[in-house]
There are 2 protein chains.
Amino acid sequence: MGAPESAAPLSQPAATFSYEHEGDRQFATTLARGLEVLRCFTPTEAMLGNKEISVRTGLPKPTVSRLTYTLTKLGYLRHNMRLGKYQLGSAVLSIGYPLLASMSVRQIARPFMKELADYCSGSVSMGIRDRLNMVYVESCRNGNGFSTLPDIGTAVPIAQAAVGRAFLAALAPAEREAVLNQIKVKQPESYRKYKPQIDKSLEEIRARGFCVALGELRREVYAVGVPMRRTVDGEIVAFNCGVPAFSLKKGQLEDDIGPRLVAMVRTIEASLGMH
Amino acid sequence: MGAPESAAPLSQPAATFSYEHEGDRQFATTLARGLEVLRCFTPTEAMLGNKEISVRTGLPKPTVSRLTYTLTKLGYLRHNMRLGKYQLGSAVLSIGYPLLASMSVRQIARPFMKELADYCSGSVSMGIRDRLNMVYVESCRNGNGFSTLPDIGTAVPIAQAAVGRAFLAALAPAEREAVLNQIKVKQPESYRKYKPQIDKSLEEIRARGFCVALGELRREVYAVGVPMRRTVDGEIVAFNCGVPAFSLKKGQLEDDIGPRLVAMVRTIEASLGMH
DNA sequence: GGCGCGGGTTTCAATATTCGAAATCCAATG
DNA sequence: CATTGGATTTCGAATATTGAAACCCGCGCC
């Protein structure tokens with residue numbers, strides 16, 4: 001079977017388990033593996049058979065079989081018996097909701113984000129870190145159709161996305177180094193390719209409050225990123241604003257949209273401050 | 001369990017595990033328990049200590065300790081060490097995203113939903129089943145502030161919500177009986193209280209295509225529900241439209257909004273049909 | 001300071017689960 | 001009807017998990 005070599009750099013999760021957690025008597029391997037199974041599914045690979053999961057995770061087939069069986073019983077997977085494949089089940093959504101609901105910054109920020117998204121005919125999103133990605137917890141786009149939509153739960157690589165670099169800029173130097181080092185180790189090609197841009201972005205944020213990413217994540221989308229200057233509930237929050245490249249006038253991103261995103265974030269910070 | 005059971009606290013999920021899956025050599029208990037830990041968190045109880053989790057799940061403290069340790073290492077929980085409590089981590093969001101992204105019906109439906117939400121100054125949501133709840137996979141509300149927002153991932157009890165009864169109406173009779181029976185067993189008070197309304201709703205849908213729920217889930221929100229007449233990807237999809245009770249004119253829900261929601265769903269079905 | 005209390009964590013032997021090669025099953029295909 | 005590819009079952013050995021009890025620790029109280 002032509003296992004489609006995805007562009008996305010998957011490391012070896014199986015190896016990860018064996019090496020990183022060996023001898024840790026606290027660590028519940030089965031739980032980690034089950035969750036790793038859920039993580040195999042992506043928007044483009046929404047249906048997977050046990051074999052494919054086994055290949056992706058590096059877990060033995062019988063183990064995968066039991067894990068998918070369990071996850072299916074619990075509603076986290078659905079079994080399509082005509083294809084003999086699994087896909088994510090509705091239960092995966094409900095475990096994320098309490099997190100969203102308890103982040104009041106989302107409600108506060110939403111109108112400001114919508115306003116900016118409308119102004120620049122693009123999309124404005126709020127993200128927090130997950131591993132080496134930023135996950136969107138809120139996203140607004142202008143009414144008329146922006147090709148593909150950013151959506152809550154979308155994960156974008158820290159290294160490539162404006163929102164990711166904004167996040168890096170907000171980190172304490174020591175932690176920033178730690179994250180960069182993880183990227184270096186786990187996504188070496190990505191690191192080589194984007195490290196200069198990352199450094200430039202950090203400098204931009206110091207100088208102007210925002211950074212730009214010109215089609216580095218998706219060729220046709222140019223974006224600016226801004227971090228919040230305070231944490232929310234101990235979590236660093238960053239914003240981006242992405243606009244279709246073709247609709248941008250020269251200099252508009254740097255001179256208009258960037259500063260507006262900065263202003264928006266400052267407004268949100270202020271609204272948060274007064275609780 | 002996941003359902004917002006108001007009065008009656010909790011059944012015994014631990015017992016649930018032991019009894020329901022004893023002797024099932026396929027079933028990965030540790031995985032199920034870990035996921036059950038994640039399900040303990042709710043919007044109103046966003047932070048829990050090991051002891052609280054232990055009480056809610058019925059699992060012994062050391063077991064919970066190890067599970068939270070594992071989940072924290074993986075990013076599904078965050079540890080707040082000033083309080084010694086846990087809260088959901090960003091990783092819970094990213095496992096749900098591929099499911100959302102692969103449901104193309106969401107994109108198709110969104111503009112129609114938005115239009116209706118604007119028209120009736122309320123919110124329009126699309127839900128699928130999770131256990132005895134309906135989970136929202138898409139939700140639109142009109143711009144001006146509707147008190148509390150329905151959001152993607154929100155779970156509402158099938159028995160009480162218009163969207164849940166719409167779902168029931170779309171089920172094959174045998175499966176409907178099965179679900180109703182589960183409700184009877186697992187949410188007995190809820191069943192006693194709402195069974196007559198449920199029957200009425202089923203009849204309404206047969207007769208007019210939609211059902212109404214007048215403040216049964218939230219006192220101040222009146223809602224109508226409509227099921228889709230075809231499954232999407234094997235999954236039954238239902239819609240609701242909720243409006244603040246005070247802003248409704250007499251008869252408006254039945255004579256105007258209900259039929260409009262029906263029309264909306266028919267439009268979406270048609271758009272889906274032509275792929 | 002001493003005491004008790006309410007978590008949280010560690011210990012450790014008993015127990016249950018997982019491993020994984022090989023066998024089996026099953027449905028689709030030639 | 002033989003073949004093929006994947007999913008599932010089998011089973012003894014290897015390993016991980018379990019959970020009662022003990023331990024730890026910070027806190028408030030007397």
Item checked: Check: B:Gln87/B:Arg78 side-chain N/O donor and acceptor closer than 3.5 Å -> yes
Check: [Y] main-chain N/O paired with [X] side-chain donor or acceptor under 3.5 Å:
{"X": "A:Ser94", "Y": "B:Gly153", "value": "no"}
{"X": "A:Arg131", "Y": "B:Leu74", "value": "yes"}
{"X": "B:Ser90", "Y": "A:Arg129", "value": "yes"}
{"X": "B:Arg106", "Y": "B:Glu138", "value": "no"}
{"X": "A:Arg165", "Y": "A:Ile158", "value": "no"}

Notebook entry, point to check: Separation of B:Tyr69 atom OH from C:dG7 atom P, in whole Å?
Noted result: 24 Å
Next item on the list: Could you label the plane-to-plane angle of the B:Tyr69 and A:Phe27 rings as parallel, tilted or perpendicular, counting under 30° as parallel and over 60° as perpendicular?
Entry: perpendicular
Would you tabulate the nitrogen or oxygen pairs shorter than 3.5 Å linking the protein to nucleotides 25-30 of chain C?
none

Check: Which letters describe nucleotides 7-20 of chain D, given B = protein heavy atom under 4.0 Å from base, S = only from sugar-phosphate, - = neither?
Finding: SBB-------BBBB
Item checked: Electrostatic pair B:Glu269-B:Arg266, nearest N-O below 4.0 angstrom -> yes
